[in-house]
Amino acid sequence: MASRLTQERLVEQDLIERARSGDHDAFSTLAAVSADRLHAVATLVLRDRTAAEDAVQEALVRMWQDLPRLRDPEKFRPWLQRLLMNACADIWRMRRRHGAEIQLLPTHESPVGDETAQVADREVLNRAFRRLSIDHRATLVLRHYLGLTIPSIAAAMEVPLGTAKSRLHHAERALRAALEADDRSARRTNGSWSA
Amino acid sequence: MNDPEFHDLLRGWLIDEAPREAPDWIVETVIGQTAALPQPRSIPFWRRWRLPAMRTLAVALAAVALVGLYTYRLRPADPTEADAPRVVRTAALGPGVALGMAALPDGVWVGNNSLVGVLRLDPETGETVASVKTYDRPAPRLDLHPAISDVTAAFGSIWTVDPEFGTVTRIDPDTNQVIATIEVGSYPSSAAEAAGALWVVSALHGTVSRIDPTTDRVTATAELSVADASEANLAGDQRALWIAIGNELIRVDPRSLDVVARVRLAGIADGIAIDRGVWVATGTRGAVSRIDPESNRIEATIEIGTTPSAVTAANGWIWVTDRRDGQVRAIDPSTGELVLSLPTGRGSTAMAFSGSWLSVLNQIDASVTLIDIGQ
């Protein structure tokens, strides 16, 4: 049975070791290879392009400053996710406090035919997701976009296991409720509502 | 809408909504900012030495090393032996990151993320003789979920584990065709044969599922209660399924699917094999441990190379690759002695054995080292 470390992971280990010894070139490469993933997660969580860009910058600067304290390079990814989650939470709180203008992300174009129902579901998801708190959004993104386990989510968000579980449960329930409400509404509109 | 449908909808929506690339200026700005920002220094070694915990640890490590040296006197192999295993050739794999490898007597199969499938190499010539696509889809992002995370040979077939698609794919080596695609749930990570079935670990749910090779269906699933199963390693026989995840080795009864033992390892597990005991490579510890299946305890730990990774039992020896120093080493399982060391390539992280061929996958070099180890 073989190990599943990828080539990317091996190169990453080397970069981490060099960067935490103060090699700025290694850090630059590490930042470049991590930026896409961080940006995707921050954009999903914050639903605000400018805020996401700020969060990624903040997380990467903290990464440079805190790397010497990272003892185990194997834990780099969860550690970096934790930095990003902290940066997202900080920026979210700061923007709410200052009442900053939210730059909403564009929704996808509406297709036709058989895809309509699926697109309607996605629109409902989009609206329901925006109503969730930042912590609930982050839990959903870590679970269903990055595919993290509950303990990994708890570690990334620095919360007890039970809190991570309940956040995920609450967030999923809220989205499901929105979908089901939309479904009932659609059936009522189509005349099949019998209540 | 049931749970799987809801989760699929949610996941699909998140993937569609996520931007593929970050604007270049973000990284450029960060590089500019941090260039002038001093990086705080970590605690120097001599200061760490003053900490009581570090002092105790150092003394304990020195004691373990002395005991290890005493117990296992390492002996280099005699390179003059005529029938000694030897590197015959190194086969280039071409573009795309190679992920996982398996071997049958007439073919070495290597997963390839860019291809979204597997390449088949002829071990006699080192040439790629076939490529099989498991999915007709674009290559997924490696840093999320690769197209293939593991390849294994079992029941006369080649099986790929497909995290991106939540499936296991079965390939007929006689026709080089996909003959079954089996839904196994979200983000499977690795697979192995044990007790007449194929076993697959799911990274997302921390479960292991049993696939019946006669029906190509999942027949049972068990909870492993682990934090993260994305880097699991499996091996099994008729009596037990062993799953190494993180610094834990879990023993599962293949009939009842009960977790019957948990063994704390000395470091993070990178590879596992079974031959007169269970052998687990722990790269972070720089060692291979032998676990006694009767007592479910670590019986011996052998310091080997710098960062041991894959482990395979072949030709009566335990073979261990090293992902840093470019060597594959053989251990005599009856004595724990190092008996042979051969050069491979950079980033050796997978190994497979069939017939007289031991194949080592060198991920950084994108190549396979083919070693003739005799019958």
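Chain identifiers are assigned alphabetically (A, B, ...) following the order of the sequence lines, protein sequences preceding nucleic acid strands; residue numbering begins at 1 within each chain.
- Scanning residues 161-175 of chain A against chain B with a 4.5 Å non-hydrogen threshold yields A:Glu172, A:Leu175, sorted by number.
- Looking only at heavy-atom pairs under 4.5 Å with chain A, the residue among B:Gly206, B:Ala269, B:Pro23 that has the most is B:Pro23.
- Atom CG of A:Leu146 and atom OH of B:Tyr187 lie 8.0 Å apart (nearest 0.5 Å).
- Using a 4.5 Å cut-off between heavy atoms, B:Ile31 contacts chain A through both its backbone and its side chain.
- To the nearest 0.5 Å, atoms NE2 (B:His7) and CZ (A:Arg176) are separated by 7.0 Å.
- Side chains of B:Leu9 and A:Leu179 form a contact here, defined as non-hydrogen atoms less than 4.5 Å apart.
- Here the shortest heavy-atom pairing between B:Ala22 and A:Ala35 reads CB-O, 3.7 Å.
- Annotation for B:Leu10 and A:Leu125: closest pair CA-CD1, 4.2 Å, computed over non-hydrogen atoms.
- A distance of 8.5 Å separates OG1 in B:Thr34 from CG in A:Leu60, rounded to the nearest 0.5 Å.
- The shortest heavy-atom contact between A:Gln57 and B:Thr29 is OE1-CG2, 3.3 Å.
- For the pair B:Glu21 and A:His39, the minimum side-chain heavy-atom distance is 4.5 Å or more.
- Looking at B:Arg324, the atoms closer than 4.5 Å to chain A (heavy atoms on both sides) all sit in the side chain, from C-beta outward.
- Atom CG of B:Leu14 and atom NE2 of A:His144 lie 8.0 Å apart (nearest 0.5 Å).
- Within the structure, ring-ring contact (aromatic ring centres under 6.0 Å, His included) pairs that include any residue of residues 18-37 of chain A comprise A:His24-A:Phe27, A:His24-A:Trp64, A:Phe27-A:Trp64 (at least two apart or interchain).
- A 4.5 Å side-chain heavy-atom check between B:Trp25 and A:Glu53 finds at least one atom pair inside the cut-off.
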